[in-house]
Structure formats: structure tokens, C-alpha cells
Undergrad: 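Submitted below is the structure of interest, expressed as C-alpha cells.
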Amino acid sequence: MAYDHRVERPAEPRRTVLVVEDERNIRDLVCLHLGIEGMTCVPAADGTEAMEHARRQPFDLVVLDLMLPGLDGLSVCRAVRRETINRDVPILMLTARREEADTVLGLESGADDYLTKPFGVRELVARARALLRRGPRPAAAASGDGSRPLSYRDIEMDPARRRVRIGGRDVDLTAQEFQLLYVLLSNPGIVFSREALLQRVWKDDTYVTVRSVDTLVKRLRRKIEADSANPSVVLTVWGTGYKAADV
Ligand code: CA
């Protein structure tokens with residue numbers, strides 16, 4: 001098979017993806033379709049095998065099933081983050097239930113995005129591409145602490161001056177609105193749970209709840225969206241959280 005990792009390959013610029021899934025059909029499906037996209041997949045059937053690969057070679061992306069025999073997906077996720085070689089690799093979690101998403105996307109786990117089973121092939125490819133486009137976790141941008149200016153469609157953000165311009169027009173945002181928008185626009189297409197946003201926007205403030213995120217999003221949309229009832233920038237991901245629309 002095209003993605004068989006036992007075949008010796010010359011050094012090539014293809015993206016390498018570690019695919020960790022105990023269900024063979026799903027593992028083969030993921031490898032097949034990412035392979036069609038030009039990615040080289042290294043399959044692993046359990047967490048131990050995954051860690052052996054992760055310690056040995058750098059990956060551009062890890063697709064990781066949450067429910068694995070033995071070492072589960074969250075443990076693998078944390079262990080990968082502890083290994084220097086793949087510390088910053090984007091991780092796409094596969095979950096069986098939507099309710100697991102918040103755990104998966106929480107800051108503790110270190111996952112960057114998730115897909116709920118059963119998932120469509122197009123969705124898989126789109127998420128994988130979005131993560132690969134973003135590249136290694138930009139620690140500063142992912143945490144929202146970055147100071148680099150960014151541009152997204154006609155929105156320009158300059159954290160040093162806390163300035164936002166949309167289509168050349170200055171928009172007045174509060175510090176929290178700015179922070180929320182900066183986190184989302186730094187990671188287009190990546191879903192953030194309310195908990196993850198809470199931690200990134202409010203840091204250690206314990207007087208806020210996940211509902212504060214919804215309120216903040218509403219306020220932000222009124223300032224930046226052409227039609228805040230039909231947002232095109234800050235999108236709601238049902239039952240999970242929010243994301244910036246893919247560029
Ligand atoms: Ca499984």
C-alpha cells in the first residue's frame with residue numbers, strides 16, 4: 001500500500017502525517033485519503049506504537065483517535081507534546097461523541113482540532129489541510145499572547161498598538177474583544193471550545209464562566225460583522241465553541 005511506512009523512502013518534501021487509530025478500516029480510510037492529497041501517512045494501531053514513531057521522527061500533523069486500547073488518545077497527545085521532536089506538531093483528534101470535544105480541545109490536552117465519528121472524507125481532508133497550512137503550533141499565536149500583526153481578509157490587527165482596521169476603517173474593540181478576535185484569526189478554521197477561549201482571553205480571572213464567552217462573541221460580532229445575525233468571520237460550531245471561518 002502507498003502509505004506503508006516500512007517502505008524506505010528518500011528524503012522528500014511531502015508532508016508526513018502520523019495516523020493513530022485502532023480500528024483498521026478507519027485507519028486505512030484516513031491514510032488512503034490523506035495519501036491521495038499527497039501526504040505520506042505513517043499508521044499506528046495503538047498509543048505505544050504511536051509514541052515509538054513520535055520519538056523517532058518529526059511529523060507535520062498527527063491524526064489521533066481518542067479511544068485507544070492501552071494508552072488513550074489524551075495520554076498520547078500529552079506525551080507527544082513532551083517529546084521535543086514533535087512538541088509543536090498540530091494534532092487532530094478523532095472522537096466518537098461530540099460531548100468529548102470540550103475535553104479534547106481544552107488547553108490541558110494539547111489537541112488543536114477534532115472530528116466526530118463518523119466523519120466525511122472531505123471534512124477530514126479540509127481539517128488536515130487547515131492544520132498543515134497553519135504549520136507548527138505558533139505558541140504565541142495559539143495562546144493569543146502574540147504581538148505580531150496579522151491580516152485576515154480585509155481585517156488587519158496590530159497587537160502592539162491594539163489597533164483593528166476593517167477595510168481600512170478603524171474599529172474600536174475592548175481588550176477582551178481584541179484578544180478573542182486575535183486568537184481566532186490567528187488560527188483560521190480551528191475550533192476553540194468555550195473553555196479554551198476562556199483561558200486564552202481571561203487568563204486567570206476566576207469570576208467568569210463559559211457564558212461570558214458567548215456574551216463577548218455577541219458584542220464582538222456587532223462590531224466586526226457586516227450582519228451580526230449571519231456572521232461570516234466568527235462562526236459558531238454547534239455544541240462546541242467558535243472558530244474563524246477558513247480564509
Ligand atoms: Ca478507537
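Atoms considered below: every heavy atom in the structure, side chains included; atoms not considered: hydrogens, waters and symmetry mates. We count residues from 1, following the sequence as given. Counting starts at 1 for both ligands and their atoms, following the listed order.
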Undergrad: Taking 4.0 angstrom as the limit, do Arg81 and Asp112 come out as a salt bridge?
TA: yes
Undergrad: How many protein N, O or S atoms are found at a distance of less than 3.0 Å from the Ca ion (ligand 1)?
TA: 3
Undergrad: Among residues at least two apart in sequence or on other chains, which ones pass side-chain hydrogen bond (donor to acceptor under 3.5 Å, both in side chains) with Lys223?
TA: Glu177
Undergrad: Just one of Leu132, Val62, Asp113 clears the side-chain contact (heavy atoms from CB on, under 4.5 Å) bar with Leu92, so which one?
TA: Asp113
Undergrad: If the test is side chain to side chain donor-acceptor pair (under 3.5 Å), which one of Thr215, Asp214, Thr209 qualifies with Arg211?
TA: Asp214
Undergrad: Look up atom SG in Cys77 and atom CZ in Arg82, then write down how far apart they are to the nearest 0.5 Å.
TA: 10.5 Å
Undergrad: Using the side-chain contact (heavy atoms from CB on, under 4.5 Å) rule, pick out the option among Arg87, Met51, Arg55 that qualifies with Val80.
TA: Met51
